[in-house]
There are 2 protein chains.
Amino acid sequence: MSDDRRLTAQGQERKDQLLDHAAELFAERGYAETRILDIVKAAGVAKGLFYWYFENKEALFRELVEQNRLRLRRAQAQAIDPTAEPLLQIRQGAEASVRYMASYANFFALLEVENMDKAFADERTKGTEVHRGDVAALIEVGIADGSIRDEPADLLAFGVVGTVGYYGHFHRTGRMPLPVDELAAFVGRWVVCSLASDEQIARRVLAVRLDPEPIPA
Amino acid sequence: MSDDRRLTAQGQERKDQLLDHAAELFAERGYAETRILDIVKAAGVAKGLFYWYFENKEALFRELVEQNRLRLRRAQAQAIDPTAEPLLQIRQGAEASVRYMASYANFFALLEVENMDKAFADERTKGTEVHRGDVAALIEVGIADGSIRDEPADLLAFGVVGTVGYYGHFHRTGRMPLPVDELAAFVGRWVVCSLASDEQIARRVLAVRLDPEPIPA
DNA sequence: CTCGCCCTTGACCCGTGGGTCAACCGGGTG
DNA sequence: CACCCGGTTGACCCACGGGTCAAGGGCGAG
């Protein structure tokens with residue numbers, strides 16, 4: 001394939017099929033262990049067709065990552081109430097992220113694969129970096145109004161992103177047999193306790209009841 | 001090679017050379033992108049020799065991982081004062097881990113590579129699982145004596161291990177231009193704030209001054 | 001009907017890199 | 001000195017999987 005051609009409806013559908021099957025195989029046996037032949041076989045098409053839609057395996061992978069990054073972003077934005085106080089917004093974002101990561105576990109298992117290749121390192125970085133920027137901005141506000149511990153905002157932001165990511169990882173890899181809702185709530189508590197400048201504030205933020213938004217398919 | 005033969009001093013040295021050069025190359029360009037030929041070239045030996053010492057690339061990798069896991073464990077044990085209160089021990093362990101991970105950044109960049117292959121997944125699991133077990137035990141004690149928030153101990157333990165890992169990761173990948181000592185101290189504070197059942201206790205534990213143990217080469 | 005554009009096929013090419021092997025070196029030992 | 005054994009060499013083999021390509025199908029427009 002050259003760059004981005006126009007695809008007919010059929011073409012787009014076929015492409016999505018390939019993406020889906022690839023994601024499943026990657027999650028199941030890893031990126032390196034998945035041959036292009038496996039992907040096309042799973043989708044029930046000939047090998048040559050792969051190259052009609054993608055330049056190569058890596059390009060497909062990038063598309064998968066990008067596609068997913070946008071979805072997560074949307075889920076976060078949807079869960080956050082922009083009028084709430086900063087710490088609460090962070091909690092909302094964190095819980096939404098955990099929920100999202102759990103329901104798209106395959107994709108995230110996939111994301112971790114990125115590390116295998118230096119070339120993917122910055123791809124991945126980009127993904128968390130956006131989230132981190134959002135959180136850092138909220139933290140700045142929280143520090144200014146005294147609700148968040150007075151530490152460098154960017155460092156704290158790493159902690160939030162990291163916590164979400166790690167709990168997501170542990171849950172995904174089956175080491176934490178726990179309903180998603182409980183996990184999300186727990187992570188929310190953890191993050192709030194880590195950031196709050198004192199107990200009163202932590203309790204206040206944790207008192208708010210969050211109704212879990214359904215994850216759109 | 002068959003299994004574990006006896007190696008002469010020269011043999012052991014050669015093997016270590018291969019391990020070292022492999023680690024460097026893996027860190028530099030990733031696991032999948034490092035050919036066995038690259039490794040032997042870097043070590044200045046012939047390709048056939050590789051198979052005298054290792055069954056294949058994966059076997060070498062496993063050995064590298066194992067070797068490193070043990071070192072980290074030792075560093076943790078050395079930093080922890082077994083007579084101190086649980087929360088403080090956790091802090092000591094966390095700070096030591098961060099320091100260790102920073103000084104052996106190459107090895108840990110490497111560890112992340114494990115994800116690329118399903119076969120490595122449980123290897124990695126094993127590594128964190130030990131640490132997590134240690135922490136969980138300390139947390140149990142802390143919950144019992146009221147110094148740690150009353151949440152499931154194993155969940156909290158995941159948070160500690162995760163935080164250490166993530167900050168290590170971010171620092172290693174150059175996104176946090178910060179002296180190791182400051183980072184370690186910060187992570188210590190983060191962990192303590194996340195776990196402490198109230199401010200008094202957090203302050204008490206954070207008041208203790210930790211003198212950074214030098215990392216043995 | 002027929003032209004042309006997407007889409008689809010599967011045989012084929014070929015570089016890469018894992019793994020083997022027969023031969024060779026050199027120091028320690030009887 | 002002869003032998004042995006751990007260590008070392010690099011040419012060679014070859015399967016695997018990435019990427020190509022010429023040709024064929026089918027559907028919509030004109």
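Lettering of chains follows the sequences in order, A, B, ..., and the numbering in each one begins at 1. What you see below is based on every heavy atom in this structure, not just the backbone, and it leaves out hydrogens, waters and symmetry mates.
At a cut-off of 3.5 angstrom, the base of C:dG18 holds no donor-acceptor pair with the side chain of B:K57.
For the pair A:L18 CG and C:dC7 P, the computed distance is 12 Å after rounding to whole Å. One can place NZ of B:K41 at 12 Å from P of C:dT16, the figure rounded to the nearest angstrom. Taking atom CH2 of B:W52 as the reference point, atom C1' of C:dT20 lies 14 Å away to the nearest angstrom. The nearest whole Å value for the distance from the NZ atom in B:K15 to the P atom in D:dG6 is 15 Å. Here D:dA22 presents its C1' atom at 16 Å from NZ of A:K47, a figure rounded to the nearest Å. Straight-line distance from the CD atom of A:Q17 to the P atom of C:dC7: 13 Å, rounded to whole Å. In this structure, the CG atom of B:D38 is 8 Å from the P atom of C:dG18, given to the nearest Å. D:dG19 atom P lies 11 Å from atom CD1 of A:I39, rounded to whole Å.
The number of heavy atoms from other shown groups lying within 6.0 Å of CD (A:E151) is above 12.
Within the structure, every side-chain polar atom (N or O) of B:R35 is placed at least 4.0 Å from both OP1 and OP2 of C:dT16. Listed pair B:Y51 / C:dC21 fails the phosphate criterion, with no side-chain N or O lying under 4.0 Å from OP1 or OP2. Checking the phosphate oxygens (OP1, OP2) of C:dC7, a side-chain nitrogen or oxygen of A:T8 falls inside 4.0 Å. Residue A:R14 has no polar side-chain atom (N or O) positioned under 4.0 Å from OP1 or OP2 of C:dC7. Between B:Q10 and the phosphate of D:dT8, there is a side-chain N or O to OP1/OP2 separation shorter than 4.0 Å. Residue A:Y53 places at least one side-chain N or O under 4.0 Å from the OP1 or OP2 atom of C:dT8.
Heavy-atom distances to DNA chain D give each of A:N56 and B:F50 a nearest nucleotide, and the one nearer the 5′ end belongs to B:F50. Each of B:G44 and A:L49 has a nearest nucleotide on DNA chain D; the 5'-most of these lies closest to B:G44.
No salt bridge links B:R175 with A:D154; every basic N to acidic carboxylate O contact stays at or beyond 4.0 Å.
Checking each of A:F50, A:Y51, A:W52 against A:F54 for a ring pair (Phe, Tyr, Trp, His ring centres under 6.0 Å) leaves exactly one that passes, namely A:F50.
Residue A:G11 is classed as a sugar-phosphate contact, given heavy-atom separations below 4.0 Å to backbone atoms only.
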>> Under the criterion side chain to side chain contact (heavy atoms under 4.5 Å, CB included), I'd like the reasoning laid out for B:L60 against B:L64: C-alpha separation, chi angles, the key distance, then a yes or no.
In response: CA-CA 6 Å; B:L60 174 149; B:L64 219 37; 4.0 Å; yes
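Taking the six-membered ring where the residue is Trp, B:Y167 and B:F170 present perpendicular rings, their angle passing 60° and hence far from 30°.
Residue B:I36 has its side chain nearest to C:dG18 when only C:dG18, D:dG7, C:dT9 are considered.
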